[in-house]
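Read the structure below first, then the notes.
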Amino acid sequence: MKALISKFFAQLGVWGWTALVLVPFFFILLFGTKDTSDIYGKPLSLIYKPHFQNFASAWNVGGVNGAIGKWFINTGLLVTVALVVSLCVAVPAAYFTIFLPPKANRRVMVTVLSGTVVPTILLVIPYFKAYNQYHMLNKPIFAGLAYGVLAIPTTFLLMNRFFLDFPREVLEAGLLDGLSNSKIFRKLVLPLSVGQIVSVGILTLIWAWGDSQIAIVLLQTQDSQPISVGMLSFAADFTTNLGATFAGLSMAAIPPVILYIILSKYVTKGIALGGITK
Amino acid sequence: MSVKNESPSKQVSTSSAQGRNLFSRKKKARIGLDAINIRSARITLIPVFLLLFIFLALPMFNSFKLSFSRWGGFGPVESAGWTNYQRLISDPQMHYSSKITIIYAFTVAFFVVAVGVLLAAAVSANVRGHKAMKIIWFFPGIAPPTAVAIFWSSSFQPDSGVVNIFLKRIGLGSNHALLASSHTALFPVMFVGIWSAVGFAFLVILGAVEQIPVSLREAAHVDGANVFQQFTKITLPLIRPILMTIFTLEVIWTFNGFTVVWAMTNGGPADSTSILPILAYKEAFRYGRFGTAAAMAVITGIFLMIVGAIGIRLSRSEQQ
């Protein structure tokens, strides 16, 4: 009987939390397709005339034609540069470091690990100063460079841990087949590490897609902003047009959620593997 | 693995011999695998350390230097000695912000871990629908923080906000303007901070719970422990080190957390939700006092390093 009661409350609790998690997404979609007068008049009603005009208004936020489109392009550029930089720099280094003596490998790991605990707030002002000095402000590509470098420590640590467990027999078999060391890495190791690289890359992608603290400092003009910063002006622009605000929110929030549902296997694995070192 | 500290010249000769001498190929192959790769390790580590130096070490040093200067965002940097720090020590807003940052970070981290533990316990007890829930619960961590923060701040608006609509339905009135009052604005912000961070903590905690051998809980079951007792007497003590770690990390991340608070309140009303990162951002980019902002950043950084050091120490001693 007691077990039954605790089971009942556990079930109730998880349903409650699930509802709380889903509520915002539900309302973002509901209000995004509702006329503003309907949002005020009958907010919870599920029977209403869809008002897709919201999306057109949101698309041209602030009177700029295709402003959101531009933000998406900027986010895309920023995230791509961040991923390319962090993966291209950290993955080969993480692989070859496993051949160092264990003590040296540990020393490298600890040094890199200390890079994960530096508070962003200590970085943004010097970044602004340097980017300003070298005319790199308001360019999503250069902002992406900063995100990429800041993602290197986590990428390095997770990949290094993975490569340390990589079966040495595979590498030695490659040598016996006459492959050079760099070919072993490119032709043997990389193809077998795709899953892990995707997991780690997604952690970087989620972070760079959503962060605004660095972007708000390095990308100050409206047409250079990524979606995470652009949306901030959104709420202010649309205080009267709630429907368009929600349409904009759904454009920003729904694609990553769908991408996550498709790739959830990798995300969960990435976190379980120690996304804890973020 | 056999040879680790070869001189560079020897490395080259072994690798060139490797191609010619077919009979001792296997032995040489092993040597080549490590020696050549050690050189590759050195080469590939150069860009890693160079970039980390430029983007982490150098800026930290510059922040420190700037905290002893006066700078308006352009033009020359003037030396200011300890004046920035002296100003902050006697600044009531700095005191207030430090206080609420600590309250905010520790409250959010506590509830994130608590809810994460409860959810992990429920899922490991195989509640119905746990497979789908595991995926759904991470939605708040995936959606851009700006978007969810804007949604929640709109939903706390009186009358038109979703929260108020619900409160009205259950008879509590629809006129709760929590975000508009400097006495209550921190609560909705805390709620959203918790809401968006639980998914991640849950997944990490669940990972730890699932590593506990089933046999342990079965043994407890045989001994007559119910589900609740199994959880408090076996699961909780075993996952305490990981709880300590995730709690420390959540404190640090929330402490640093700029986006959620900025998108919800801009630090207002009347700076009542200006946690330190927001206060420093405003100080620099609104009021053009980059030196003072750098001093705030340094103080924040030092505090976080202390929290981090204590957290690591505690989780280490838990593990032993």
Side-chain angles (χ1 to χ4, degrees), chain A residues 2-3 6 10-11 13-14 17-18 21-22 24-25 27-28 40 43-44 89-90 92-93 96-97 99-101 115 117-123 125-127 146 149-150 152 156 171-172 175-176 181 206 209-213 228 231-232 235 249 252-253 256-257 260-261 264 268 271-272 276, chain B residues 4 29 32-34 36-38 40-41 44-45 47-48 51-52 55-56 59-60 62-63 66 118-119 122 125 127-128 133 135-137 139-140 142-148 150-151 160 162 165 200 203-204 207 226-228 249 256 258-259 263 277 280 284 290 293-294 297 300-301 304 308:
Chain A
K2 219 171 156 190
S6 66
Q11 196 71 47
V14 295
W17 184 258
T18 309
V21 162
L22 286 178
F25 298 96
F27 279 104
I28 285 173
Y40 283 109
L44 298 183
V89 173
F96 288 110
T97 302
F99 298 104
L100 294 178
V117 295
V118 178
T120 319
I121 186 177
L122 266 177
L123 305 173
I125 293 171
Y127 280 3
V149 175
L150 293 184
I152 286 177
F156 181 91
L171 309 181
E172 276 160 15
L175 261 194
L176 286 177
N181 284 296
I206 295 171
W209 178 287
D211 179 81
S212 70
Q213 196 176 6
S228 60
M231 266 188 306
L232 292 171
L249 292 184
V257 170
Y260 161 66
I261 294 173
S264 65
T268 322
I271 291 168
I276 200 163
Chain B
K4 272 163 189 157
L33 192 60
D34 280 322
I36 299 287
N37 283 323
I38 284 179
S40 303
T44 51
L45 277 171
V48 171
L51 285 172
L52 291 185
F55 280 83
L56 283 171
M60 271 171 76
N62 282 336
S63 262
L66 202 60
L118 289 177
L119 294 179
V127 291
R128 222 169 292 165
M133 285 170 182
I135 294 175
I136 292 171
W137 288 344
F139 282 8
I142 290 291
T146 325
V148 296
I150 291 174
F151 166 81
S160 65
V162 172
I165 292 170
F200 183 84
L203 284 177
V204 174
N226 62 32
V227 180
F228 183 72
L249 285 172
N256 261 316
F258 173 86
T259 304
F290 284 78
T300 313
L304 283 181

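Each chain gets a letter, A, B and so on, in the order the sequences are listed, and its residues count up from 1. Since the model is a prediction, treat every value here as computed from it, not as a measurement.
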So, the side chain of Y127(A) versus the backbone of F55(B): is there a donor-acceptor pair under 3.5 Å, distance only? yes

Comparing A122(B), G301(B), A280(B), P140(B) against chain A, the one with the most heavy-atom pairs below 4.5 Å turns out to be P140(B)

Relative to chain A, which segment of S40(B) carries a heavy atom at a distance below 4.5 Å: side chain, backbone, both, or neither? both

Do F99(A) and I36(B) have side chains that get closer than 4.5 Å, going by heavy atoms? no

Kindly compute the distance separating CD1 (I150(B)) from CG (L249(A)), expressed to the nearest 0.5 Å. 5.5 Å

Is any side-chain heavy atom of P144(B) closer than 4.5 Å to a side-chain heavy atom of P256(A)? yes

Would you mind checking which part of L304(B) comes under 4.5 Å of any heavy atom in chain A, side chain (CB onward), backbone (N, CA, C, O), both or neither? side chain

dist I206(A):CD1 -> I142(B):CD1 (nearest 0.5 Å) comes out at 3.5 Å

So, the part of A284(B) with a heavy atom under 4.5 Å from chain A: the answer is side chain

Is L100(A) close to N37(B) at the side-chain level, that is, under 4.5 Å between some pair of heavy atoms? no

So which part of I165(B) gets closer than 4.5 Å to some heavy atom of chain A, the side chain, the backbone, both or neither? side chain

What part of V89(A) gets closer than 4.5 Å to chain B, counting heavy atoms only: side chain, backbone, both or neither? both

Tell me, side chain or backbone of L122(A) under 4.5 Å from chain B's heavy atoms, or both, or neither? both

Quick one: pull up CG in L45(B) and CZ in F156(A) and give me the separation to the nearest 0.5 Å. 5.5 Å

For F258(B) and T120(A): C-alpha separation, side-chain torsions, deciding distance, then whether side chain to side chain contact (heavy atoms under 4.5 Å, CB included) applies. CA-CA 9 Å; F258(B) 173 86; T120(A) 319; over 6 Å; no

Closest contact, heavy atoms only, I121(A) versus P277(B): CD1-CA, 3.3 Å

Using heavy-atom distances under 4.5 Å, tell me whether L66(B) contacts chain A through its side chain, its backbone, both, or neither. side chain

Non-hydrogen atoms of chain A under 4.5 Å away: do they reach the side chain of V162(B), the backbone, both or neither? side chain

What part of S228(A) lies closer than 4.5 angstrom to a heavy atom of chain B: side chain, backbone, both or neither? both

Return the option, out of L52(B), N62(B), L118(B), with the maximum number of heavy-atom pairs under 4.5 Å with chain A. L52(B)

Is chain A contacted by the side chain of I135(B), its backbone, both, or neither, given a heavy-atom distance below 4.5 Å? both

Is the ring pair F151(B)/F27(A) parallel, tilted or perpendicular, if the boundaries are 30 and 60 degrees? parallel

